[in-house]
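Indexing begins at 1, ligand by ligand and atom by atom, following the structure's order.
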Amino acid sequence: MNEVCKSGSIVILDFGGQYAHLIGSRIRRAGAFSQIFEAETPAQLLKDASGIILSGGPQSVYDSESPQADSEIFNLGIPILGICYGLQWMAKTLGGEVKSGGVKEYGKSKCKMQNAKCKIIDKLPNEIIVWMSHGDEAVVLPKGFELFGTSDSCKNAAFADEDRNFYAVQFHPEVTHTQYGDQLLKNFVSICNPAPWSIASYTEEISNQIKKEVGDKKVFMLVSGGVDSSVAFTLLNKVLGTDRVQGLLVDTGLMRKNEVKDVLNAFNKLGITNLYSEDASEEFFSNLKDVYDPEEKRKIIGQTFLDVQKRVSTSMNLNMEDGWLLGQGTIYPDTIETGATKYADKIKTHHNRIESVQKMIDAGEVIEPLKDLYKDEVRGLGQELGLPHDLVWRHPFPGPGLGVRILCAETPEQVSNEVSDDSKVQALPIKSVGVQGDGRTYRHAQVLYSDDRIPNKSHYGAAVAAVNALVNINRIVFCTSHSKPVDFVFTSSFTTKERADLLREADAIVHEEMVTAGLYEKIWQFPVVLLPFGENEGNQSIVLRPINSTDAMTANAVILPEDVLKKMTDNILDLEGIDMVFIDLTNKPPGTIEWE
Ligand code: XMP
């Protein structure tokens, strides 16, 4: 973006961190107007900002290609807050010293605050839990800076030059895991005295933007039944009118039990009947035959969606050349995890960000009204639009559906010795995707066992410690069906209708138990994952993955009540073909919410 920032906005300079955009969302929630700019934006374009935030990023300040901002920003006379990489870049640029690779701190840590008078920690207690995700640290502070926070593994975790209103924190105040993170950002906002922002004014802004972008064209929208595409579809219908919008619900064969029927009913009840459904399940399964790699699967699913959309739109005479745009319910995390901003690492390709969609976006053929929002903001917008409670609060469900929860492998993944020594600990013969320090990982999960087959707090604690300590591991699961390791029997497997049917049943069991126990709205998302091995020949395993989150960028593993976990396990074990059940104890990071 090479334009001048809006007067009074708080500008976030994006160094490529997974949370750069989240900072923007938090600043909006604190009532201030915010904008994201590329790290290198010349300081001259930012001189009307009321403040600048330097985001985190996946690189080390000493990497040859590490992002550099314009150091003239320090002469603009406006408040600046550096976060994680932002702290390190600030420290190094202003004459301090940063040490590379000295620490490895991912996850929660305690931070002791040392200078209660510092404006940015106003109303914060003396000690808070903070979220860390870094390998480098500032070892010498720049001249004029004073320390105000020290964490478990990082002495210079927070420092400031209050005369110039420069602040730096090694932890991430923008993620919900950092206690009082919102307060710290609010304090920064007060220091900046920025232009105001509200959700109502934003709804109006989005509506105007849709009208402008669509012009006199019409929108053909892919609806998955998830919260995002439902809100986007409803918004487009409201802004453009139902005769200028056509929805398509593709049955991929990778949907939940009764999902297609339920979604069509929900929209019918809303009086939105311009939603057509197409059963393309055979096409999806045939394209996924013999495919094992998670990234390849995602791309194939995304491409098949597009092929079906083209086929259906042609048969309905709704072609791009005739003034139709493709609508998608993409939200911000889909974009950032695909590595769409300049320095961001690719965590996984979201189906609505595959290459051919990107080409259509570049050609101006796609409209994505929610692309700057996070899930909680989408829900706020859904409420603002008057959508029914159940629809707004449905658990998020990924576009590729069960496709990213059916783990495929041709041969068992090699298990490293490092993790197999302990008799109550075992590595799984399969890898899953994770995220650490803004980068993607693809590693083994480790299983913990105990006699009573119920994880306790110490298992959750051990999970955090183990992932920080072991290089080959990005996930810890606990076995709820067995009390000690078994010799896994692996079956070479890809995505088939039979596997999808089996997972659909397990997923339906979990859903029913959650509703019965009154837990549905207390848990943010509950993926259920199918693994291609079990205790006996030809059998498979199920992983339960209940998490809590507000924006999907970070997540906490949920501790389920013992009776609910036992019942889910027993009912799943009753399914023919499943003989092991695990529960995932991993937070995000280091795990991602989905396994692929
Ligand atoms: P991860 O697994 O990246 O998931 O921690 C973050 C959130 O995004 C959802 N998700 C997807 N949603 N297309 C989507 O529309 C995708 O390809 C996709 N992959 C993950 C996931 O369910 C979680 O809520």
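Atoms CD and OH, from E368 and Y332 in turn, are 12.5 Å apart once rounded to the nearest 0.5 Å. Atom OG of S55 sits about 12.0 Å away from atom NE2 of H21, to the nearest 0.5 Å.
Listed by number with element, the atoms of ligand 1 under 4.0 angstrom from any heavy atom of G399 are 12 (N), 13 (N), 14 (C), 15 (O). Residue-ligand proximity, P400 to ligand 1, at heavy-atom distances under 4.0 Å covers atoms 13 (N), 16 (C), 17 (O). Which parts of ligand 1 touch K588 is read off a 4.0 Å heavy-atom cut-off, strictly below it: atoms 1 (P), 3 (O), 5 (O), 6 (C).
A salt bridge does not link E596 to R405: none of the charged side-chain nitrogens sits closer than 4.0 Å to a carboxylate oxygen.
Under 4.0 angstrom from ligand 1, the non-hydrogen atoms of Q525 all belong to its side chain.
T586 and R475 form no side-chain donor-acceptor contact under 3.5 Å, judged by distance and modelled atom types alone.
Between P396 and ligand 1, no N or O atom pair is found at a separation short of 3.5 Å. Considering backbone and side-chain N/O atoms, W524 never comes within less than 3.5 Å of an N/O atom of ligand 1.
Remark: R440 qualifies as a cation-pi partner of Y442 under the 6.0 Å distance and 45° angle criteria applied to the six-membered ring.
Using the six-membered ring where Trp is involved, Y292 and F494 have ring planes that are perpendicular, over 60° apart on the 30 and 60° scheme.
Counting only non-hydrogen atoms, the option in P398, G226, G329, G403 that gets closest to atom 12 (N) of ligand 1 is P398.
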